[in-house]
There are 2 protein chains.
Amino acid sequence: MGTRTGCVMTKSILDRLEAQGLRMTDQRRTIARVIQESEDHPNAEELHARANALDSRISLATVYRTVKLLQEAGILERLEFGDGRARFEDSQRAHHDHLIDMDSGEVIEFCDPEIEALQEKIARRLGYRLEGHRLELLGRKLK
Amino acid sequence: MGTRTGCVMTKSILDRLEAQGLRMTDQRRTIARVIQESEDHPNAEELHARANALDSRISLATVYRTVKLLQEAGILERLEFGDGRARFEDSQRAHHDHLIDMDSGEVIEFCDPEIEALQEKIARRLGYRLEGHRLELLGRKLK
DNA sequence: TTACATGCAAAGGATTTGCCTCTGA
DNA sequence: TCAGAGGCAAATCCTTTGCATGTAA
């Protein structure tokens, strides 16, 4: 689950949190660690479960508050795969797109420089400077 | 608002509804008409407001039920732009992607055969047959 | 006639918030 | 010390559903 290509990790979420001068609490440390160690795209409830396994003093409300904080700080990216709940991932891991297996729901990550370049070109043609994008491919396994 | 390129309209939503052998009620006719005439990407509440302007006997619940019906029949596409509510559009208009103006929120539609082809290629490379995709570009107007 | 559609209000699920207590710096 | 963080439960927002009534075919 979770194939990746060409993405480099630099600073830990914790480092980036501290760099922003945000107050460090046990809860934030734990949640940061959980996100850091997640190879998939957990939703709030999943983050809560994983964080609780490390420290049972963490409430779901705090997970939501922390996730929003990290998102506003640009540390975390919020994703929506159309199932009605938000999913999260480290934005340093975020320079990639997703292919969703329509049968199993498995999410495969990929990076493609060609598609990035093409997107730039399209935006420019429409009179815009590209600031970001979301791309999800939906497919079924070839036999 | 709503620029488009290279998309052709063939049958009305109403025709497609009838072609599926679904029961035709005044509510469904009105909702179909409202979607047909929408050039933007209305959410359920907006559809409800527009439908009510034509016929006040339409409840929000019926809008939700009809929209789900049309979606399952492949007549309508459900979109999510990350604001937590679903938006809808005629799927005959749906072979295109969206560029979202990060400042104004305006949504520009575009079709690009190159990007379609590239997506096919990427999916195949990952061992999948492409069945669909979602692509949103986020950008700011060039000055 | 009768299976299916609708309205209304209540239920549900995800997320946010008020309030009071606790704690990092 | 004390502004900001967290827990808990209530509130909110969007969407779905149960039930009694209405209606297309």
Side-chain angles (χ1 to χ4, degrees), chain A residues 13-15 17-35 41-73 75-89, chain B residues 13-15 17-35 41-73 75-89:
Chain A
I13 291 181
L14 217 60
D15 291 340
L17 251 177
E18 284 177 333
Q20 302 247 355
L22 294 167
R23 185 188 284 190
M24 286 311 310
T25 63
D26 287 349
Q27 284 87 337
R28 289 183 180 175
R29 258 186 285 272
T30 303
I31 293 170
R33 181 177 153 198
V34 163
I35 292 166
H41 305 89
N43 58 40
E45 220 169 322
E46 287 165 342
L47 286 179
H48 183 226
R50 294 177 199 179
N52 257 293
L54 301 175
D55 179 348
S56 63
R57 295 170 311 158
I58 296 172
S59 72
L60 184 54
T62 294
V63 171
Y64 274 111
R65 281 193 271 237
T66 303
V67 134
K68 172 175 277 186
L69 180 85
L70 294 175
Q71 190 188 238
E72 280 162 2
I75 293 172
L76 194 72
E77 205 132 307
R78 181 190 290 254
L79 309 170
E80 283 181 56
F81 290 159
D83 64 344
R85 27 174 126 199
R87 299 176 166 276
F88 305 91
E89 80 179 344
Chain B
I13 291 182
L14 215 60
D15 290 341
L17 250 177
E18 282 177 335
Q20 301 248 352
L22 293 166
R23 184 187 285 190
M24 285 312 309
T25 63
D26 287 347
Q27 284 87 337
R28 287 182 181 174
R29 259 186 284 270
T30 302
I31 294 169
R33 181 177 152 198
V34 163
I35 292 165
H41 306 87
N43 59 39
E45 221 169 323
E46 288 165 342
L47 287 179
H48 182 227
R50 295 177 198 180
N52 256 292
L54 301 176
D55 178 349
S56 63
R57 295 169 312 159
I58 297 172
S59 73
L60 185 54
T62 294
V63 171
Y64 274 110
R65 282 192 272 236
T66 303
V67 134
K68 171 175 277 185
L69 179 86
L70 294 175
Q71 189 188 240
E72 279 161 2
I75 293 174
L76 194 72
E77 205 132 305
R78 180 189 292 253
L79 310 169
E80 283 181 55
F81 290 159
D83 64 345
R85 29 174 122 197
R87 300 176 166 276
F88 306 92
E89 79 179 346

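Bear in mind that the values here come from a model prediction, so they are computed numbers and not experimental data. Note on naming: letters A, B, ... go to the chains in the order of the sequence lines (proteins, then strands), and numbering restarts at 1 for each one.
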Asks: Answer with base, sugar-phosphate or nothing: what part of the nucleic acid does A:Arg65 contact at a heavy-atom distance below 4.0 Å?
Replies: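 Contact class for A:Arg65: base.
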Asks: Would you kindly compare B:Gly84 and B:Arg23 by the position of their nearest DNA chain D nucleotide and give the one closer to the 5′ end?
Replies: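 Final value for this comparison: B:Gly84.
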Asks: To the nearest Å, how far apart are A:Ile58 CD1 and C:dC22 P?
Replies: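 Answer to the nearest Å: 18 Å.
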Asks: Taking 4.0 Å as the cut-off, does a side-chain nitrogen or oxygen of B:Thr25 come that near to OP1 or OP2 on D:dT23?
Replies: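 For D:dT23, OP1/OP2 do not have a side-chain N/O of B:Thr25 under 4.0 Å.
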Asks: Looking at every strand, decide which applies to B:Arg85 at a 4.0 Å heavy-atom threshold: base, sugar-phosphate, or nothing.
Replies: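 The residue B:Arg85 makes sugar-phosphate contact but no base contact.
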Asks: In this structure, how many angstroms lie between the P atom of C:dA14 and the CD atom of B:Glu80, rounded?
Replies: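 Distance check: B:Glu80 CD to C:dA14 P gives 13 Å.
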Asks: Tell me which nucleotide among D:dT16, C:dA5, C:dT16 gets nearest to the side chain of A:Arg78.
Replies: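 For the A:Arg78 side chain, the nearest candidate turns out to be C:dT16.
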Asks: What's the separation between atom CG in B:Asp26 and atom OG1 in B:Thr62, rounded to the nearest 0.5 Å?
Replies: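 One gets 12.0 Å once the value is rounded to the nearest 0.5 Å.
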Asks: Counting just side-chain N and O atoms, does B:Tyr64 come under 4.0 Å of either OP1 or OP2 of D:dT15?
Replies: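 So the side chain of B:Tyr64 is within the cut-off, an N or O lying under 4.0 Å from OP1 or OP2 of D:dT15.
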Asks: Rounded off to whole Å, could you give me the CG-to-C1' distance for the B:Leu22 and C:dT6 pair?
Replies: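 So the two atoms are 16 Å apart, to the nearest Å.
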Asks: With rounding to the nearest 0.5 angstrom, report the CG to CD1 distance, B:Leu17 to B:Ile31.
Replies: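 Taking CG in B:Leu17 and CD1 in B:Ile31, the distance rounds to 10.0 Å.
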Asks: To the nearest angstrom, how far is B:Leu60 atom CG from C:dT6 atom C1'?
Replies: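 Rounded to the whole Å, the gap is 13 Å.
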Asks: Report yes if a side-chain nitrogen or oxygen of A:Thr62 is closer than 4.0 Å to either non-bridging phosphate oxygen (OP1 or OP2) of D:dA5; otherwise report no.
Replies: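 So the side-chain polar atoms of A:Thr62 never come under 4.0 Å of the phosphate oxygens OP1 or OP2 of D:dA5.
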Asks: If you only use heavy atoms from C-beta on, which nucleotide in D:dA24, C:dC8, C:dT15 is closest to the side chain of A:Ala44?
Replies: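 The closest nucleotide is C:dT15.
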Asks: Output yes when at least one side-chain N/O atom of B:Lys68 is less than 4.0 Å from OP1 or OP2 of D:dT15, else no.
Replies: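 No, B:Lys68 has no side-chain N/O under 4.0 Å of OP1/OP2 on D:dT15.
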